[in-house]
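These notes concern the structure reproduced below.
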Amino acid sequence: MLATGSSSSSNPVTTFPTSASAEAATFKGNQDSFSLPWVEKYRPSVLSDIVGNEDTVARLSVIARDGNLPNIIISGPPGIGKTTSILCLAREMLGSQYKEGVLELNASDDRGIDVVRNRIKMFAQKKVTLPEGRHKIIILDEADSMTPGAQQALRRTMEIYSSTTRFAFACNMSSKIIEPIQSRCAILRYSRLSDSQLLKRLIEICRVENVDYVPEGLEAIIFSAEGDMRQAINNLQATHSAFNFVSYDNVFRVCDQPSPEILGAVITSCLNGDVDKAVTRLEKFWVDGDLVSRCQVPCYARIHEVGVHQGITIKFLDLKSGNRTNTYADD
Ligand SMILES: Nc1ncnc2c1ncn2[C@@H]1O[C@H](COP(=O)(O)OP(=O)(O)OP(=O)(O)O)[C@@H](O)[C@H]1O
Ligand SMILES: [Mg+2]
């Protein structure tokens, strides 16, 4: 049974539908893959199923239809559809010739200079007959983890084989791609997904998977996902598997992240000068010294909502920028 349309939350992310829309009824995910994690089961296989970043996805759809793919870099934060978009694009462009026309390399492969000299060059030299306007595609996922030496070695390969082979890079930070490669590419920036985009997808998955939820449960997932669809779907599945019911409390039990109320109370205690109380509240979340990275983004959201004085907000941002491991220069 689904419990929808009865949100009692004071801050609903959007309106919850009371009945299945026609669109939701056609959403089925990958039905052949019951044992797959939901993030894979519901990975879009065509560009039109990708949620958000509409303008950029529309550009990709035009390229998929007309051909002549330029070298591209898709950059942006994790879990928002960069790899998925490139895979959909390659599939739509090459169809049944995908297997012979696409070389996929990701961070789990060795991508030092030897790979560029050997695998990439060999693939670029390989003869594959493709229709007019279609090119072989080399997908370099998580390209920002390629060594600068390997990136340098790519420059010439990209030029020499440009009449037959095009490159599609996905990365979190385009600034980590060397400038000569950036200048050979069209750079497409993806941004985090909005609350309503996440919500719509979560509701679709809940319907197909028969997930029991209350609106506050989905709002909690959206709060903790911070625009990351992968995180949202994983947290939905984890909460459903652990408790069989997606409620606000169950989500925060699974997410290992303090709830907005607790963070709000900590910030209020600090503002009232009651640091001991704030510390006691926070101690509960002190696991393996990872407190800062798990709290900084939700904390910033709460500081905004609580309406903290601008000077204090700026100090918080100063502290946050001292710990940049969790932030994305392109974001
Ligand atoms: N825009 C989206 N629309 C629909 N599903 C999405 C979208 N973005 C992410 N997902 C879901 O999250 C999963 C991971 O997406 P993807 O691999 O494309 O993320 P990414 O942007 O490449 O992340 P990373 O930077 O970590 O590599 C997908 O399998 C899909 O289930
Ligand atoms: Mg990716």
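Numbering of ligands and ligand atoms starts at 1, following listing order. Every value quoted in this text rests on a predicted model; they were computed, and no experiment measured them.
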If we ignore angles and hydrogens, is there a donor and acceptor under 3.5 Å between the side chains of N172 and S75?
no
For S174 and R189, test the side chains for any donor-to-acceptor distance below 3.5 angstrom and give the result as yes or no.
yes
Please list every donor-acceptor pair under 3.5 Å in which a side-chain atom of residues 92-99 meets a protein atom from a residue at least two apart or in another chain.
unit_1, atom_1, unit_2, atom_2, d
E92, OE2, L47, N, 2.6
Q97, NE2, T129, O, 2.7
Y98, OH, E104, OE2, 2.9

For the residue pair R166 and N68, confirm or rule out a side-chain donor-acceptor distance under 3.5 Å.
yes
Using a cut-off of strictly less than 2.8 Å, determine whether T83 has an N/O/S atom near the Mg ion (ligand 2).
yes
Check the angle between the aromatic planes of F167 and F169 and answer parallel, tilted or perpendicular using the 30° and 60° thresholds.
parallel
Assigning hydrophobic clusters by single linkage (Ile, Leu, Val, Met, Phe, Trp, Tyr; side-chain heavy-atom cutoff under 4.5 Å), is I205 placed with F243?
no
Return the protein residues near ligand 1 (heavy atom under 4.0 Å from any of its atoms), ordered by chain and residue number.
V39, Y42, R43, P44, I50, V51, P78, G79, I80, G81, K82, T83, T84, N172, L193, R201, M229, R230, I233
